[in-house]
Amino acid sequence: MARDSDLERDVVLLVLPLDDPHTDAALDAARRASGVGHPGLTRILDVDHDDERAWVTESFRGDDRSLAELATHGLPAEEVRRITGEVALVLEAARSRGLHHLAISPDSVFVGPDGSVRVRGLAVDAALAGVDEEGDEAAALDGAGVVALAYAGLTGSWPLQTSTSLPPAPRDATGVLPPSHLAVGVPSDLDTICRETLADDAGPSSPGDYAASVSPWSRTPVDDGAAQPLDEAAADDGAEAPFADAPASPGPDDTQVIGVTPAAGLAAQEHRSTAVDSDDDEPTQAISRGATAPSDEPTQVVSAEGSDEPGAARTGRGAAAGAAAVSVAGALAGGGKVLGERVGRAARRTRERAEEAAADRRAQREAIRSSESRDRVSLGSAGSQDDLEPPAPLLPADAGEPPSREQSRVVIAIMALFVVVALVVGAVGVSKIGDNTDLSAIFGSDAQGADPVRPTQSSSTSRPSGGGNGARTSEPIPVIGAIGYDPNGDGAEHNSEAQRVYDDDLSTSWTTEGYESPNFGNKGGVGIVLDLGQARQVRSATLQLPQATTVQVFVGDEAGIAGTELGRSEGKNGSVTITGRSAARGQYVTIWFTTTVQSDDGRHRASLAEVVLR
């Protein structure tokens, strides 16, 4: 423990050597655990280090007592149910945030004077111990840890192999002894879940599963007497020892039983005892069928006016059937038939109620386990779940109020502004449609019935680029695709290079395959076909020819040289414009080469760098 001089408060300081192999993992776990602001977790105030050591600062409440300290003096079974149920809800909330304790023990659970439960060491204790589990295995490990806490609260001993301040639980050849073998008044559901988890390895799959199994529990501390430990040594040797002290109404002789032999008490839990009447001068002694022989000393009987002799520990207000049967045996020994019959009927009623309650809890537990769609949030009815913080920040209380008139006007004005802007943008966009499109070329025009430029040469001769105003001023026709054309061969001619003729880059070109002779290996020629997308009026074609070759231009509705010949060029290179007498209409334009030029490698080729159609 340390003192925070700035805020004037006591804190718990966990100091770790910086070179310890587990220090980094512990600091990381502490930082992650500080983000889970659950009221059932001790608050982590600071995580830091210097050149030699690291430390974790936690909040401290001086009035809290650990479960290990409380269990040493014994806890009522219903208080054990309440404490472990609250711990299970805390660990389940941490599990929903991706964190697990993995090292829960009675020394890490604290109970305040008001009954509030706090858990310390979330993820940090496991990191220091080198425990690293995730997923379902980690959830099951925390569930088994909560069951071990319940065992510790009922018996005052620790059933797991980890070390705590409590003594280890007694064991036999089958493993840890069940709680009912070490204390009386243990509820059947708590005893069963301890048996299944610690002996059969079939416990709850998560802390939430445990909470559902033992619910409901009281929201306030329960103080009706602890589960009474069994004195096994006294039971073995038959010596007299107080087993249970249940107050009863004075009998006819105004006497009261304050002690019975352990053998008789144990036998009374399983067999109905019979009373043997004797004279008033002789002490009355209870004999049970199947019990060991009573000792020679008579059962102690004193006056009902009171005694200063210390008695056994008091039993709870709701004593279990075994304790009631012991009380019957003691009453018969001291009070006579009438008192024995009256208390016997009460014991039977108590036993029947206990059996019914145990059966109801078993049925409830089986129903919860068999349900595949159990909602974990419903566990809030079993404890202080309503105190958990929301998983996300809550909206302010006035967030759900209707907007004011002024707010409504502002929203409407913003929406109207958006509508106006959208209309303006739409109008501008519509007005720009078709600006860069030659609609007359698409739909045709009567004004283009005659060629406005009359060539001075025949259509079989080439015209230089820019030779006519009509060819220079009209917009280029867009080309949407191109492909090599080799009708007398394999049908393809360097198709992968075809798109280079309309990429507006003179440094790239389409080239035919290499041939051994100038006439393409006795073929009529090869070429390239341009796709215009739809039928267009084509008046001219400007070709960029790297070599001087003979080339023809055809326009038609099908690819090939069967369409209208627009014109040709012979022995020209550079920029060559071919213009027809009149516009030719068609979707496909075929550039057809009939001669080649020999390359440096000795093979003959023709090439085309760029085509512009108008």
Side-chain angles (χ1 to χ4, degrees), residues 33 36 38 40-42 66-68 70-71 75-97 99-111 115-123 125-126 129 131 133 136-162 164 166 169 176 178-179 186-187 189-218 222 361 365 368-369 374 376 379-380 382-385 388:
V36 184
H38 194 283
L41 291 171
T42 56
S66 69
L67 180 60
L70 296 174
L75 285 174
E78 292 307 314
E79 179 68 357
V80 172
R81 185 191 305 275
R82 185 188 73 85
I83 293 175
T84 56
E86 296 290 340
V87 171
L89 292 182
V90 173
L91 297 184
E92 185 68 16
R95 185 173 78 96
S96 65
R97 303 293 182 90
L99 290 176
H100 306 275
H101 197 291
L102 304 179
I104 194 75
S105 72
D107 297 307
S108 57
V109 176
F110 294 84
V111 181
S116 60
V117 178
R118 298 286 187 275
V119 177
R120 176 177 295 168
L122 177 66
D125 291 352
V131 179
E133 295 288 349
D136 295 340
E137 292 79 5
L141 188 60
D142 275 349
V146 180
V147 175
L149 293 179
Y151 187 99
L154 293 170
T155 66
S157 58
W158 184 241
L160 302 182
Q161 298 296 333
T162 55
T164 67
L166 290 178
V176 178
V186 176
D189 59 340
L190 293 180
D191 187 61
T192 299
I193 198 170
C194 288
R195 288 174 183 262
E196 293 178 350
T197 304
L198 303 175
D200 301 334
D201 195 19
S205 59
S206 66
D209 189 16
Y210 172 85
S213 300
V214 303
S215 65
W217 57 79
S218 173
V222 180
R361 281 176 176 160
R365 187 175 177 213
I368 293 175
R369 284 189 172 184
R374 180 173 66 246
R376 300 290 184 184
L379 297 178
S384 58
Q385 183 78 1
L388 299 181

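When a residue number appears, it is its place in the shown sequence, counting from 1.
Here the CG-CG distance, from D191 to L154, works out to 8.5 Å after rounding to the nearest 0.5 Å. Atom CZ of R81 is separated from atom CG of L75 by 13.5 Å, given to the nearest 0.5 angstrom.
Under the side-chain hydrogen bond (donor to acceptor under 3.5 Å, both in side chains) criterion, Y151 pairs with no residue at all, not counting sequence neighbours. R118 pairs by the salt bridge (Lys or Arg N to Asp or Glu O under 4.0 Å) definition with nothing, not counting sequence neighbours.
A donor-acceptor pair under 3.5 Å links the side-chain atoms of S213 to the main chain of D209, judged by distance alone. One N or O on the side chain of D142 and one on the backbone of H101 form a donor-acceptor pair closer than 3.5 Å. Side-chain atoms of T197 do not come within 3.5 Å of backbone N or O of C194 as any donor-acceptor pair.
Within the 4.5 Å cutoff, the side chain of V147 has heavy atoms near those of the P204 side chain. The shortest side-chain heavy-atom distance between E78 and P187 falls under the 4.5 Å cut-off. At a threshold of 4.5 Å between non-hydrogen side-chain atoms, the residues R95 and H100 count as touching. For the pair S157/L166, no side-chain contact is recorded, criterion being any heavy-atom separation below 4.5 Å from C-beta on. Inter-residue side-chain proximity for V90 and V117 is flagged as unmet; no heavy-atom pair is nearer than 4.5 Å.
Between S206 and E92 the shortest heavy-atom distance is OG-OE1, 3.9 Å. Across all non-hydrogen atoms, the minimal contact from G85 to Y210 is N-CE2, 4.2 Å. Scanning all heavy atoms of the two residues, the minimum distance from L91 to P207 falls at CB-CG, 3.7 Å. For S108 against A103, the heavy-atom pair with the smallest separation is OG-O, 4.4 Å. Of all non-hydrogen atoms in A77 and L190, the two that sit nearest each other are O-CD1, 3.9 Å. Across every non-hydrogen atom of D189 and V214, the tightest pair is OD2-CA, 4.4 Å.
Under 3.5 Å, the side chains of W217 and E79 contain no donor-acceptor pair of N or O atoms.
Under a 4.0 Å N-O distance rule, the pair D107/R120 does not qualify as a salt bridge.
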Open item on the list: I'd like to know whether L67 forms a side chain to side chain contact (heavy atoms under 4.5 Å, CB included) with V87, so could you lay out the CA-CA distance, the side-chain angles of the two residues, the decisive distance to 0.1 Å, and finally the verdict.
Closed with: CA-CA 11 Å; L67 180 60; V87 171; over 6 Å; no
- [ ] Take I83 and L149, measure what side chain to side chain contact (heavy atoms under 4.5 Å, CB included) needs, and give me the verdict at the end.
- [x] CA-CA 9 Å; I83 293 175; L149 293 179; over 6 Å; no
- [ ] Could you check I104 against V109 for side chain to side chain contact (heavy atoms under 4.5 Å, CB included), going step by step and ending with a plain yes or no?
- [x] CA-CA 8 Å; I104 194 75; V109 176; 3.9 Å; yes
- [ ] Apply side chain to side chain contact (heavy atoms under 4.5 Å, CB included) to the pair V111 and R82, showing each step before the final yes or no.
- [x] CA-CA 11 Å; V111 181; R82 185 188 73 85; 4.1 Å; yes
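More than 12 heavy atoms of other residues, nucleotides or ligands shown are found within 6.0 angstrom of CG on D200.
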